Amino acid sequence: DTASAVKVFGFITELYPNSWNAWDSFGEGLLIRGNIPGAIQAYEKSIELNPENQAGKEALKKLKENK
């Protein structure tokens, strides 16, 4: 279930705070759960860690356009 997945991804970001992929996955999970502000923050962190993260940039752009 997605609630459990979000908890796991959140825990992974605590274990590996410099993993852009962990933040990206956390953002995706938060988005699926409807936590738009949290998803935006997670995607921003992912892009900060990896400016080449095109999928994260696209997701963030869509989120901010639909705000």
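What you see is a predicted model; the values in this text were computed from it and never measured. Nothing fancy with the numbering, it's 1 onward along the sequence.
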Pairwise side-chain contact, E28 with Y43, heavy-atom cut-off 4.5 Å (strictly under) | yes
Find the distance between NZ (K45) and CG (D24) and round it off to the nearest 0.5 Å.
-> 14.0 Å
Between the NZ atom in K57 and the CD1 atom in I47, the distance rounded to the nearest 0.5 Å is 7.0 Å
Is a salt bridge present between E44 and K64, judged by a nitrogen-to-oxygen distance below 4.0 Å?
-> yes
Connected via hydrophobic side-chain network under 4.5 Å: L60 and L31 | yes
At what distance, to the nearest 0.5 angstrom, does CG of L63 lie from CD1 of I36?
-> 5.5 Å
Just distance, no hydrogens or angles: give the donor-acceptor pairs under 3.5 Å from side chains in residues 5-23, sequence neighbours left out.
residue: T13; atom: OG1; partner: G10; partner atom: O; Å: 2.6
residue: S19; atom: OG; partner: A22; partner atom: N; Å: 3.1
residue: W23; atom: NE1; partner: P17; partner atom: O; Å: 3.0

May I ask you to say whether K61 pairs ionically with E58, meaning some side-chain N is under 4.0 Å from a carboxylate O?
-> no
To the nearest 0.5 Å, how far apart are CD1 in I40 and NZ in K62?
-> 14.0 Å
Which heavy-atom pair separates A39 from G27 by the least distance, and what is that distance?
-> CB-O, 3.5 Å
